[in-house]
There are 2 protein chains.
Amino acid sequence: MTALTERHQQVLRAVVDDHVVSSQPVGSATLSRRYLDLSPATVRNVMGDLERMGLLHQPHTSAGRVPTDRGFRLYVDDLLKVRNLSQRERDRIRAEFESGLDAGDDVMRRAGHLLSAVSNLVGLVLAPPLDEVLVKRIELVRLGRRRAMIILITDQPVVHNRVVRTDADYTKADLEKMARYLNETVSGCTLGEMYARIEAQMKSDRVQYDRLRARALRLGLEAFGARDEGALYVEEATRLLEQPEFLDIGRMKALFRTLEEKSQILALLRATIESEGVNVLIGSESEVDGMQGCTLITSRYTAGRGAAGSVGVIGPTRMDYRRIIPLVGYVANLLSRHRY
Amino acid sequence: MTALTERHQQVLRAVVDDHVVSSQPVGSATLSRRYLDLSPATVRNVMGDLERMGLLHQPHTSAGRVPTDRGFRLYVDDLLKVRNLSQRERDRIRAEFESGLDAGDDVMRRAGHLLSAVSNLVGLVLAPPLDEVLVKRIELVRLGRRRAMIILITDQPVVHNRVVRTDADYTKADLEKMARYLNETVSGCTLGEMYARIEAQMKSDRVQYDRLRARALRLGLEAFGARDEGALYVEEATRLLEQPEFLDIGRMKALFRTLEEKSQILALLRATIESEGVNVLIGSESEVDGMQGCTLITSRYTAGRGAAGSVGVIGPTRMDYRRIIPLVGYVANLLSRHRY
DNA sequence: CATTGGCACTCGCGCCCAGGGAGTGCCAGT
DNA sequence: ACTGGCACTCCCTGGGCGCGAGTGCCAATG
């Protein structure tokens with residue numbers, strides 16, 4: 001492929017910019033009139049080149065051009081100067097974030113809502129994989145005759161808790177003792193290690209002859225052992241209904257289905273967790289079928305002592321990258337800096 | 001309006017039955033062939049009557065007939081023999097319900113999912129209004145330097161808990177003392193009364209000179225004082241995409257919007273909380289604009305010492321009432337009988 | 001030689017129109 | 001009281017047509 005001249009770049013940029021707001025194929029006349037100081041004929045020649053390079057696509061002979069996924073990719077990588085969020089916007093977003101937290105919302109969910117509200121797209125938040133989360137402490141609280149709450153305090157902002165049925169009516173003192181046992185074996189290790197440690201302990205002599213101790217360990221396993229996949233929050237999926245590209249009901253169904261099923265999106269987010277900065281995954285690049293015509297923008301964040309998660313948005317390929325990219329970055333930042 | 005003859009009833013019933021499965025207007029020929037031992041001509045006459053009575057509607061001259069909301073109403077009230085769920089179905093549903101609970105799911109959410117899964121419609125669960133919930137006990141757990149979890153144990157299956165920031169670094173003993181204070185004033189009363197009791201206590205001498213006591217009360221207020229509206233769970237709204245009536249994108253949007261906004265649906269559910277048995281609210285009867293063409297089927301359930309909530313489904317008016325009505329009733333039953 | 005205006009061409013879209021089909025209402029016959 | 005027959009109405013579909021948008025190419029131009 002030949003290199004792009006300055007002019008090619010100008011035209012491609014203009015096509016994307018216009019298409020992002022109009023959601024329609026753009027013609028040479030529009031470009032000439034609104035974006036470029038060139039005659040329509042010249043623009044047509046350039047557009048012809050771009051099409052041959054696979055960066056633009058013509059839905060049919062007498063239509064304007066639409067950027068291809070590769071076109072968007074080039075635009076995002078080379079042509080786009082992301083403007084930073086203005087201080088005002090940042091303040092507004094941050095205020096929104098914190099006010100929600102004070103009201104007692106879950107941090108993850110809050111971040112998802114925020115992304116969604118500001119971008120008008122679907123907000124995504126992937127919690128750090130639980131395996132890597134550092135266990136600080138476990139508490140057991142008696143709720144009733146055979147019910148207790150087990151609380152897992154980690155180095156993350158979220159506190160996990162779960163109501164469990166107990167095998168007997170333990171007193172408050174019993175539960176405290178059990179919690180102490182659990183903490184002895186478990187505190188300071190990651191959740192991933194916890195399983196192994198508990199298993200090892202279970203075999204030791206001390207446990208064999210101490211029913212309470214054994215029961216405590218079992219409880220810990222049952223409550224948090226099987227929490228395999230990091231939780232994925234999908235917020236405000238119905239916003240997609242607003243986007244004109246989803247007037248096509250088939251596409252919408254497909255996307256909803258993949259969003260609901262979660263596992264595929266989860267894999268995509270997890271894959272981006274390692275890389276720095278903001279990631280952009282355009283349409284077909286993801287090889288997920290529900291994602292045709294959609295772009296996923298993500299950014300990693302860190303929480304606690306090194307565990308990392310990912311936030312992002314999903315929306316039509318035709319989205320305002322200039323705004324959304326810094327937005328996702330900023331929210332990831334908020335989340336990373338967030339101290340509880 | 002003249003009374004309906006036996007024949008009128010037969011025809012109306014047949015129209016509804018066919019329309020429920022076909023989702024299309026029903027013609028006289030179909031009815032004569034598949035449901036009735038009458039010639040098409042006779043059927044036409046009867047259908048004409050029914051139309052004049054406002055029970056059927058003809059979308060246009062050369063189309064078949066569709067039941068009106070009033071037609072459905074009459075069908076549901078007088079013509080429908082709800083068959084009970086078979087023992088097998090009941091067992092299956094119950095097993096599904098309980099297996100989910102063992103896995104630690106929220107009871108409310110679980111019930112919603114269940115309704116949705118079995119009916120292929122949108123599941124709704126309204127928790128009992130918190131005001132009427134009996135407070136059994138409050139626990140405070142130290143999570144970190146300035147963080148604590150406040151746990152509200154009621155006579156309901158769900159346990160409410162919330163992470164709060166504290167104004168100082170309270171020790172475990174402090175928090176236990178505070179919890180004791182709170183329980184002294186609060187336990188045994190409903191959440192509705194709690195507010196007043198705390199306010200009263202705050203003015204008493206004992207509190208004026210005891211900072212910890214004051215702080216405890218304040219905490220209780222902040223955490224659970226403002227939980228106004230009972231929580232409404234809307235599960236699996238995207239199932240609506242499957243229904244052929246929602247190929248019309250405008251209607252779908254409207255319904256999604258009201259589902260998302262919740263307050264209107266919430267009001268409808270709350271209204272049915274008082275009445276026994278299964279309630280059916282058909283289309284325009286609700287006066288909620290997003291509800292045209294939709295039916296809401298609900299049933300009340302009770303939990304704890306007398307507080308009542310509501311479960312239900314929402315779907316197109318054209319739904320299989322024969323199956324759905326007993327289903328909603330049964331799930332309400334499950335929830336009422338559920339003991340934790 | 002890059003740029004431009006001109007021009008013929010293509011193709012989707014909206015419109016009209018006719019034909020077929022589904023379903024009805026009415027009427028006369030049993 | 002039913003029913004068969006019949007004329008009628010109206011939607012739906014498909015084909016034909018004109019319009020407009022947009023293109024590609026070419027010859028002219030600075």
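Side chains included, hydrogens not; waters and symmetry mates left out as well; all remaining heavy atoms used. Numbered from 1 within each chain, the chains take letters A, B, ... in sequence-line order. What you see is a predicted model; the values in this text were computed from it and never measured.
- The side-chain contact (heavy atoms from CB on, under 4.5 Å) check on E235(B) picks up R109(B), H113(B), Y233(B), with sequence neighbours excluded.
- For the pair V122(B) and A237(B), the tightest heavy-atom approach, listed with the atom from each and the gap, is CG2-CA, 3.8 Å.
- Identified under the ring pair (Phe, Tyr, Trp, His ring centres under 6.0 Å) test for residues 61-87 of chain B, with sequence neighbours left out: F72(B)-Y321(B).
- Atom-to-atom, CD of Q58(A) to P of dA21(D) comes out at 16 Å; the value is rounded to the nearest Å.
- Contacts of residues 18-51 of chain B with DNA chain C (heavy atom under 4.0 Å): G27(B), S28(B), R44(B), M47(B).
- The distance between atom CG of L56(B) and atom C1' of dG25(C), rounded to the nearest whole Å, is 16 Å.
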Annotated protein contacts, base or backbone, on nucleotides 9-17 of chain C with a non-hydrogen cut-off under 4.0 Å, one of B, S, - each: -BBS-----

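- At whole-Å resolution of the value, NE2 in H57(B) and P in dT24(C) are 13 Å apart.
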Side-chain donor/acceptor pairs under 3.5 Å, residues 47-55 of chain A, sequence neighbours excluded:
residue	atom	partner	partner atom	Å
D49(A)	OD1	R52(A)	NH1	3.2
D49(A)	OD2	H8(A)	NE2	3.0
E51(A)	OE1	R65(A)	NE	3.1
E51(A)	OE1	R65(A)	NH2	2.7
E51(A)	OE2	Q58(A)	N	3.4
R52(A)	NH2	G48(A)	O	3.4

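- In this structure, the CZ atom of R7(B) is 12 Å from the C1' atom of dT3(D), given to the nearest Å.
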Would you give me the side-chain donor-acceptor pairs under 3.5 Å for residues 286-293 of chain A, sequence neighbours excluded?
residue	atom	partner	partner atom	Å
S286(A)	OG	G283(A)	O	3.2
S286(A)	OG	V288(A)	N	3.2

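- Sorted by first then second residue, the salt bridge (charged side-chain N to carboxylate O under 4.0 Å, His left out) pairs that include residues 22-36 of chain A, not counting sequence neighbours, are D18(A)-R34(A).
- Pairs engaging residues 20-67 of chain B under the ring pair (Phe, Tyr, Trp, His ring centres under 6.0 Å) rule: none recorded [sequence neighbours left out].
- Summarising the geometry, the separation between NE2 on H8(B) and C1' on dA1(D) is reported as 13 Å, rounded to the nearest angstrom.
- Sorted by first then second residue, the salt bridge (charged side-chain N to carboxylate O under 4.0 Å, His left out) pairs that include residues 72-81 of chain B, not counting sequence neighbours, are R73(B)-D77(B), R73(B)-E285(B).
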